[in-house]
Trainee: 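Pasting a structure here, questions to come.
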Amino acid sequence: MAASSYSATPTAMRAETLTRCCYSTTSTLIGFGSLHTSSKLLFTTSSDSRRAKRSLYVKSASSVPEQALQDTSTRLDEGASGDLVSFTPDAASIASSIKYHAEFTPAFSPEKFELPKAFFATAQSVRDALIINWNATYDYYEKKNVKQAYYLSMEFLQGRALLNAVGNLELTGAYGEALKKLGHDLENVASQEPDAALGNGGLGRLASCFLDSLATLDYPAWGYGLRYKYGLFKQCITKDGQEEVAEDWLEIGNPWEIVRNDVLYPVKFYGKVVTDSDGKRHWIGGEDIQAVAYDVPIPGYKTKTTINLRLWSTKVASELLDLHAFNSGEHTAACEAQSNAEKICYILYPGDESAEGKILRLKQQYTLCSASLQDIVAQFERRSQGQVKWDEFPEKVAVQMNDTHPTLCIPELMRILIDLKGMSWKEAWNITQRTVAYTNHTVLPEALEKWSYELMQKLLPRHVEIIEMIDEQLVDDILSKYGTSNPEILVQKLNTMRILENIDLPASVTDLLVKLQENKADDSSESLEVDDSSESLEADDSSESLEADDSSESLPIHDEAVDEDNEHEEEEDIEKNKDAITEPSPPPPPPPKMVRMANLCVVGGHAVNGVAEIHSDIVKEEVFNDFYELWPEKFQNKTNGVTPRRWIRFCNPNLSDIITKWIGTEDWVLKTEKLAELRKFVDIEDLQIEWRRAKRSNKTKVASFIKEKTGYSVNADAMFDIQVKRIHEYKRQLLNILGIVYRYKKMKEMTAVERQANYVPRVCIFGGKAFATYVQAKRIVKFITDVGATINHDPEIGDLLKVVFIPDYNVSVAELLIPASELSQHISTAGMEASGTSNMKFAMNGCVLIGTLDGANVEIREEVGEDNFFLFGAKAHEVAALRKERAEGKFVPDKRFVEVKEFVRSGAFGSYNYDELLGSLEGNEGFGRADYFLVGKDFPSYIECQEKVDEAYRDQKRWTGMSILNTAGSYKFSSDRTIHEYARDIWNVQHLEIP
């Protein structure tokens with residue numbers, strides 16, 4: 001056998017591992033060698049072209065420290081000149097590497113080599129290869145000093161890393177064979193890896209797809225996030241619905257991460273701002289913590305480029321443990337500083353209904369922003385090699401804020417530049433605006449974050465000062481744009497556009513507005529009198545309305561026949577009310593002072609993008625229309641995408657092989673436009689047979705998984721109908737399950753023969769987490785599981801209908817379900833889903849979609865063809881009028897909708913009281929009422945569309961053709977296309993291939 005780096009001898013194995021290269025903040029590639037060995041091995045990669053089969057090189061190097069610290073580029077040049085010995089890792093050498101890690105870098109006891117231990121050893125073996133490319137990537141970036149993109153996100157929903165890493169390294173076959181030699185199967189070993197609990201939904205999954213594409217396309221970039229110890233939560237499904245327990249993904253360690261103990265930054269909370277003798281502002285005192293870096297390698301596909309995901313964990317210095325208090329028995333108090341620091345990175349999205357929860361969330365957001373920006377600034381200064389030119393900062397750095405969570409990047413960068421680097425406001429503001437950009441992900445109010453002004457002022461006093469100055473500058477911009485000729489328009493713009501809500505305008509502006517009103521009164525007193533009278537009438541009408549409302553709620557309504565005691569009590573009540581009316585009512589409390597984070601994002605950045613064409617239009621025309629009028633050049637669309645590596649090539653190998661066979665090349669994995677070539681084969685019977693066979697194989701795996709996780713047996717020959725996403729009212733899982741209830745009710749009204757003739761067998765699969773404090777969403781989960789428990793045990797229905805809720809839905813579950821899907825539901829209320837990315841994954845895997853014209857559904861339907869997408873429901877531009885119609889009491893529900901609600905209330909699905917859930921679909925007004933998400937309005941259209949689904953599925957040739965055309969039309973929705981657009985239009989970063 002050819003010599004390889006993975007020699008079976010213990011000495012060579014020890015040398016191999018002990019000489020792994022580690023990236024340090026001093027920008028040198030350092031080899032760590034054993035004191036007892038005379039040489040060490042340096043691994044690099046080389047290829048004649050970017051997409052050539054990769055090889056590894058082994059070089060014998062002296063253990064003299066000076067040579068060990070030589071410049072990396074010199075060693076790379078030596079490799080290029082042929083001084084290195086090339087080899088390709090084979091199964092035997094990989095097996096030796098795995099055995100070495102099992103013995104010498106163990107996380108488990110030595111007696112056995114069982115699956116968990118096999119996973120860790122395999123992952124560490126793969127990490128060795130990644131570290132080589134990882135270090136080479138950033139040494140090259142340091143050398144070239146290129147502009148780099150930094151992607152800040154509160155979520156990175158990575159999923160398992162092992163299969164993705166070996167796939168990108170093109171070593172899947174070799175690792176599979178190596179593990180067989182060691183008595184294990186690669187798929188079983190990979191299944192031992194817990195999903196990294198660093199995200200929840202589409203926001204985090206998109207961020208992870210973007211990192212994959214950035215590495216694959218050779219763009220210089222880093223990701224920044226937080227290292228959540230317990231994630232969001234692990235979801236358990238019980239008879240009571242969803243229950244939450246802490247994630248345990250870090251309990252046995254994470255073989256992919258490397259802690260950088262030398263990369264830590266101070267982060268401050270509370271304190272006060274003081275002015276020194278030269279007029280500079282300083283933030284002092286308060287609570288100080290440290291953010292320490294944990295780095296995770298992100299490999300590209302068929303390229304050496306391996307970029308970095310840097311996650312921050314929080315701690316305090318050891319001396320802050322109060323030993324005196326601890327030894328006095330005050331253990332909790334003694335550890336208070338440690339506890340306060342560490343809990344920042346405990347949970348993703350801690351509940352924020354309490355003041356403590358709000359403080360913790362704001363601490364999380366600031367920690368991410370402060371540590372990341374300090375790190376970015378340090379990299380910029382290091383790469384400048386002592387010749388720092390701050391006006392070049394935006395030419396070297398692009399910061400992308402993934403939604404509003406990292407908004408504090410803007411005042412934090414201003415603070416660093418002004419307070420720490422000594423810049424003027426004008427200089428710092430120019431740099432900040434040219435550096436930062438913002439992606440908006442939703443039009444929902446809760447996502448357009450607002451923070452309490454008082455809370456932020458208490459926690460981040462210097463940042464509030466900076467935000468106030470930004471707001472004042474914005475007010476000046478608004479005055480310059482709109483002038484003073486129309487005070488009403490000016491006031492309206494100020495009210496909607498300011499960053500500070502319910503906070504007094506600067507005195508100069510207030511004086512100006514008062515003066516404008518006085519001038520208008522002098523110029524048009526008659527007109528003003530008319531206006532005043534109309535306003536008075538409006539006020540009178542309003543007060544009458546309020547009085548009527550008050551009386552209806554507080555005054556009892558009696559029959560004419562009352563006894564004397566009641567009559568006397570009524571008279572007393574009337575007298576009391578008279579007294580109350582004559583007394584002046586207390587003034588209403590002032591509205592809360594808030595900081596509008598989305599407005600700050602728009603003002604502080606140079607670009608604002610939506611994530612689908614319809615969403616970007618809504619952002620411009622509704623959400624930020626006033627800003628769009630002021631700065632139209634800032635607004636863009638960047639339709640989301642998903643990585644075709646994880647989301648079809650690796651998770652659906654059977655279908656991928658078929659695509660490659662019929663297209664004639666595997667280039668489609670990098671150039672997804674080649675998927676369109678499938679269209680010319682759509683009617684060929686051989687392709688259809690192979691396509692159905694691959695889908696059936698995937699469905700069989702899911703049927704086994706469902707049995708394991710839920711205990712329910714399902715028929716793999718039934719249609720697999722799937723809705724998996726975060727549980728939220730606007731995503732309308734409630735519409736789906738009510739449609740299933742209607743289907744079930746109609747089935748029960750038929751004979752067995754009629755049921756078989758009228759209905760296609762279906763397995764209806766749900767998955768997703770309801771936020772722990774989102775009561776209505778948790779009611780929906782409970783309802784789905786109750787419906788499933790009834791239907792799945794009904795012998796009359798049998799395999800014609802099954803309803804399954806998959807517990808603890810995550811990326812790994814998605815990788816199993818999506819390849820098996822045949823119908824997928826993307827049925828949000830039109831205009832409320834920004835984009836969605838699961839719809840793209842389903843289409844890419846040959847799943848037919850049923851949905852509304854919302855988010856990326858619009859573009860998917862355009863690409864796959866209208867005949868290959870099941871459309872129903874109201875359009876986005878109709879929603880406001882439909883809600884108005886409902887408020888006016890004009891909506892008449894479809895009788896089928898009334899029927900299905902009555903069926904639920906009849907107790908058909910158990911004794912649980914669903915009045916609160918169904919009540920949200922009833923009434924014409926009120927919080928949590930009036931069917932805000934139009935479930936009742938769209939219900940008839942939805943069930944009629946489902947009848948068309950059944951009709952199409954009966955014709956398997958037609959259905960298979962629709963499936964193929966969905967894959968063929970999904971090419972646009974690769975995250976590679978999206979990243980190319982960000983790089984070109986927003987970041988201005990260039991492709992840089994590692995030599």
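Worth saying up front: this structure is predicted, and the values here are computed from it rather than measured. The residues of the chain are indexed from 1 along the displayed sequence.
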Trainee: Answer yes or no for Arg726 and Phe771: cation-pi contact, defined as NZ/CZ to six-membered ring centre under 6.0 Å and angle to ring axis within 45°.
Mentor: no
Trainee: For the ring pair Tyr349 and His405, is the centre-to-centre distance below 6.0 Å?
Mentor: yes
Trainee: Ignoring hydrogens and angles, state whether a donor on the side chain of Tyr982 or Thr439 is under 3.5 Å from an acceptor on the partner side chain.
Mentor: yes
Trainee: For Ser975 and Cys209, which heavy atoms make the closest approach, and how far apart are they?
Mentor: OG-O, 3.6 Å
Trainee: Taking the six-membered ring of Trp631 (Phe, Tyr or Trp), confirm whether the NZ or CZ of Lys634 is under 6.0 Å from its centre and within 45° of its axis.
Mentor: yes
Trainee: Do His282 and Asp419 have side-chain N/O donor and acceptor atoms under 3.5 Å apart?
Mentor: no
Trainee: Are Tyr228 and Tyr346 near enough that their ring centres are under 6.0 Å apart?
Mentor: no
Trainee: Tell me every residue that passes salt bridge (charged side-chain N to carboxylate O under 4.0 Å, His left out) with Glu454, counting only those two or more places apart in sequence or in another chain.
Mentor: none
Trainee: We want to know whether Tyr730 and Glu833 form a side-chain donor-acceptor pair, criterion being a heavy-atom distance below 3.5 angstrom.
Mentor: yes
Trainee: Side chain of Thr275, backbone of Arg281: donor and acceptor closer than 3.5 Å?
Mentor: no
Trainee: Using distance alone, with no hydrogens and no angle criterion, decide if Asn640 and Thr837 have a side-chain donor and acceptor under 3.5 Å apart.
Mentor: no
Trainee: Hey, is NZ on Lys458 packed in by over 12 heavy atoms from elsewhere, all under 6.0 Å?
Mentor: no
Trainee: I'd like to know if the side chain of Glu427 reaches the main chain of Ser424, judged simply by a donor and an acceptor atom lying under 3.5 Å from each other, with no hydrogens or angles considered.
Mentor: yes
Trainee: Can you see whether Asp626 engages Tyr628 through a side-chain donor-acceptor pair at a distance of less than 3.5 angstrom?
Mentor: no
Trainee: Can a donor-acceptor pair be found between the side chains of Ser372 and Trp312 at a distance below 3.5 Å?
Mentor: yes
Trainee: Which heavy atom of Tyr219 sits nearest to which heavy atom of Ile307, and what is that distance?
Mentor: O-CG2, 4.1 Å
Trainee: Could you tell me whether a side-chain N or O of Glu381 sits under 3.5 Å from a main-chain N or O of Val388, the two making a donor and an acceptor?
Mentor: no
Trainee: Mind checking the CG-NZ spacing from Leu455 to Lys358? Nearest 0.5 Å is all I need.
Mentor: 8.5 Å
Trainee: Cut-off 3.5 Å, side chains only: do Asn430 and Thr432 have a donor facing an acceptor?
Mentor: no
Trainee: Whether the Tyr482 and Glu629 side chains hold a donor-acceptor pair (N or O, under 3.5 Å, no angle test) is what I'd like checked.
Mentor: yes
Trainee: So does Arg498 get a backbone contact from the side chain of Arg596, meaning a donor-acceptor N/O pair under 3.5 Å?
Mentor: yes
Trainee: Hey, could you give me each pair passing side chain to side chain donor-acceptor pair (under 3.5 Å) that has a residue in residues 389-399? Not counting sequence neighbours.
Mentor: Glu395-Arg434
